[in-house]
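Reading through the structure tokens given below for one structure.
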Amino acid sequence: MKPVAKEQQQALVARLMDACGGAYSPQQRRKFFITGPQWAAAYEGQALFHAPTRRPVGFDEVIREYAAIGIGYWTTHDTDVIPTDDLGTDRQQQTVAAIKKSLADNGLKCSMVTTETFHHAVFAASPAAESPEIRRYAAWRVCNTVDIGHELGAEFAVYWPGSLGYYTQGAIDETQTLRWYAEALNAACEHDIQAAKAKGRPTLKHCMEAKPFEPQAEILLPTSDAMLAFINSGLLTHPEMVGLNPEYLHELMWGGAPRAALARALLAGKLWHFDINDGYRLKHDVDIAVALVNPLDWLNVLVLLRSHGYNGPFNLDYKPPRTTSNYGVFKVSFPTAVDRFITLWEMAGEVMEDSVIREATHALKAGAGVSGNDPREIFEANKELLTLHELIAHRLVQILLGLHRGRVYSL
Ligand code: 3MF
Ligand code: MG
Ligand code: MG
């Protein structure tokens, strides 16, 4: 085999990307409420056992590259772009002004801002620690992020309380910690009401994001369902301002069915924002790009969301693998993630219109038309109809794999 010299490798990647085909145009991609996180594109490949493999990239480069791909919206943590020490200072104002210019120059919008309450040493015992000064600082941080959000024209604020929990048992009182955490959210909502009024803007949609494990060993709000209970616990002064940002993998990680978790959030009227990615059950947060692991489940998730009129953001919260180069992040990782999502969204539309699935679903709902309350008789009368469950599953796989169009390799 002929070695591929370093200077020829990008051209090879570009040529093979073109050979893949099936790409959507930037204009087509921009029709979707697909949002690109600063932290996803800027992720350098580091982890507990992993050194970085990519050079750092700033917001200017990320925004420019997202624009070229056709990702129309940008999202960020406060400290992705503003060093902790600059928060609340003139340097924050200067950075926010520079971000605004970069977004405007590239025709992008900032859709969501989020507060980093997990990385800095001050949050070692969570943003709802016993010490009142830590909690005061956490409340100030979320309020400051609300201000940044309004300045950048965002619609959403997200909260991932990943450090709300513990490693060793008994040191914290869970009920008290949850009350304190609610106080931080209340501070953000109350500050938002004032800030929105002052700016003549609507208040932000405040969305909570659950993750079952990591970085704490035990997490106080590990699932979207736990968060729904928290929102309705009576601890929040403005529960109507607080909804959910489920993440696909975070629901899968604990062994849940993401589609069922999303359905429960939809029924509660709280599915406001959605982090899209992929991975495996009962593993750590591998944050693989959407539909690289579970494309059939992803098709079904999108059928659910499309058929229920979900119109919130699809946030590309994944980590480009550390084997992907800086060039590859924008040439391969993001465009292919966006295009798999769009293809599955289009397929979800096909599923909703599919005459086989439609007729089978209607027949199941119609039942056999027997009267009486004899369970044996009811079962016997419906028995043949129930076979349609498996037929529908086959039809979904057919649509996913294109089997209905015929597939030939060695035949
Ligand atoms: C961690 C996450 C986070 C959140 C982000 C938004 C770094 O697993 O998913 O991404 O999505 O903090 O609040
Ligand atoms: Mg994740
Ligand atoms: Mg997330």
Side-chain angles (χ1 to χ4, degrees), residues 17 23-24 29 32-48 50 52-54 56-57 59 61-63 65-66 69-77 80 111-112 114 116 118-119 156 158 160 162 207 209-215 224 245-254 256 258-259 261-262 273-281 283-299 301-302 305 312-345:
M17 264 299 286
Y24 298 97
R29 292 169 180 160
F32 292 83
F33 200 169
I34 295 174
T35 69
Q38 172 65 26
W39 67 88
Y43 169 59
E44 293 164 37
Q46 76 279 18
L48 196 51
H50 288 157
T53 58
R54 289 189 286 266
V57 291
F59 62 82
E61 185 173 347
V62 172
I63 289 169
E65 295 285 358
Y66 279 169
I69 293 167
I71 296 170
Y73 302 85
W74 177 82
T75 64
T76 194
H77 293 95
D80 290 341
S111 56
M112 180 273 266
T114 177
E116 173 270 295
F118 43 89
H119 190 264
F156 300 89
V158 166
W160 169 50
C207 305
E209 176 178 340
K211 171 154 96 166
F213 345 113
E214 273 191 328
S224 291
N245 172 43
E247 177 170 314
Y248 176 88
L249 180 58
H250 293 176
E251 298 303 325
L252 192 72
M253 275 166 76
W254 62 266
R259 184 171 142 129
L262 293 165
H273 203 277
F274 183 25
D275 275 2
I276 64 172
N277 59 10
D278 211 339
Y280 306 92
R281 279 200 157 104
K283 299 272 194 281
H284 64 288
D285 195 12
V286 290
D287 280 326
I288 293 169
V290 59
L292 283 181
V293 182
N294 296 295
L296 178 62
D297 194 43
W298 259 106
L299 173 59
V301 160
L302 295 185
L305 298 190
F314 293 98
N315 190 42
L316 294 162
D317 189 11
Y318 75 100
K319 294 190 172 68
R322 63 202 291 271
T323 44
T324 295
S325 70
N326 277 87
Y327 173 78
V329 164
F330 296 117
K331 188 69 191 174
V332 176
S333 195
F334 278 94
T336 57
V338 168
D339 288 352
R340 283 190 306 279
F341 169 81
I342 297 177
T343 300
L344 288 164
W345 182 261

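Only a predicted model underlies this, so the values are computations on that prediction, with no experimental measurement involved.
For the pairing with Thr75, the side chain to side chain donor-acceptor pair (under 3.5 Å) check across Asp275, Thr114, Thr35, Asn315 returns one residue only, Asn315.
Contact check for Trp160 versus Cys207: no side-chain heavy atoms found under the 4.5 Å cut-off. Using a 4.5 Å heavy-atom cutoff, the side chains of Ser224 and Glu251 are in contact.
Taking every heavy atom of both residues into account, Pro295 and Leu344 meet most closely at O-CD2, 4.0 Å. Closest approach of Asp278 to Val293, counting heavy atoms only: OD2-N, 3.0 Å. Among all heavy-atom pairs drawn from Val286 and Gly279, the shortest one is CG2-CA, 3.7 Å. When all heavy atoms of Asp317 and Glu247 are compared, the closest pair comes out as OD2-OE1, 2.9 Å. The shortest heavy-atom contact between Leu316 and Ala40 is O-CB, 3.7 Å. Closest approach of Pro212 and Met253 over heavy atoms only: CG-CB, 3.8 Å.
A distance of 6.0 Å or more separates the ring centres of Phe314 and His273. Ring-centre distance between Phe334 and Tyr318: below the 6.0 Å cut-off.
The backbone N or O of Phe330 lies less than 3.5 Å from no partner atom in the side chain of Ser333, so there is not a single donor-acceptor pair. A distance-only check finds a donor-acceptor pair linking the side chain of Arg54 to the backbone of Thr324 [under 3.5 Å]. In this structure, the side chain of Trp298 engages the main chain of Asn277 through a donor-acceptor pair within 3.5 Å. Side chain of Arg29 to main chain of Ile69: a donor-acceptor pair is present (N/O by atom type, distance under 3.5 Å, no hydrogens or angles). Judged by distance alone, with hydrogens and angles left aside, the side-chain atoms of Asn245 form a donor-acceptor pair with the main-chain N or O of Phe274 at under 3.5 Å. Checking side-chain atoms of Arg340 against main-chain N and O of Val290 turns up a donor-acceptor pair under 3.5 Å. When atom types are taken as modelled, the side chain of Glu116 and the backbone of Phe118 share a donor-acceptor pair closer than 3.5 angstrom. Proximity of a side-chain donor or acceptor of Asp80 to a complementary backbone N or O of His77 within less than 3.5 Å is detected. Although no hydrogens or angles enter the test, the distance criterion places no donor-acceptor pair under 3.5 Å between the side chain of Tyr43 and the main chain of Pro321.
Ring pair Phe32/Trp345 is perpendicular by interplanar angle, where above 60° counts as perpendicular and below 30° as parallel.
Residues passing the side-chain hydrogen bond (donor to acceptor under 3.5 Å, both in side chains) test with Tyr73: none are found, sequence neighbours excluded. Residues satisfying the ring-ring contact (aromatic ring centres under 6.0 Å, His included) criterion with Tyr280, sequence neighbours excluded, are absent altogether. Annotation: salt bridge (Lys or Arg N to Asp or Glu O under 4.0 Å) contacts of Asp285 (sequence neighbours excluded): Lys211.
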Checklist entry - Given Ile71 and Glu65, is the side chain to side chain contact (heavy atoms under 4.5 Å, CB included) satisfied, shown in steps? => result CA-CA 9 Å; Ile71 296 170; Glu65 295 285 358; over 6 Å; no
Checklist entry - After noting the C-alpha distance and the side-chain angles of Thr76 and Phe59, does the key distance pass the side chain to side chain contact (heavy atoms under 4.5 Å, CB included) rule? => result CA-CA 9 Å; Thr76 194; Phe59 62 82; over 6 Å; no
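Under the 3.5 Å distance criterion, with hydrogens and angles disregarded, a donor-acceptor pair is assigned to the side chains of Tyr248 and Asp297. No side-chain N or O of Glu44 forms a donor-acceptor pair with one of Thr53 less than 3.5 Å apart.
Note that CD of Gln46 is 8.5 Å distant from NZ of Lys319, once rounded to the nearest 0.5 Å. Between the CG atom of Asn326 and the CD atom of Glu61 there is a distance of 7.0 Å, given to the nearest 0.5 Å. Distance check: Leu249 CG to Lys283 NZ gives 11.5 Å after rounding to the nearest 0.5 Å. The CG atom of Asn294 sits 14.0 Å away from atom CZ of Arg259, with the distance rounded to the nearest 0.5 Å.
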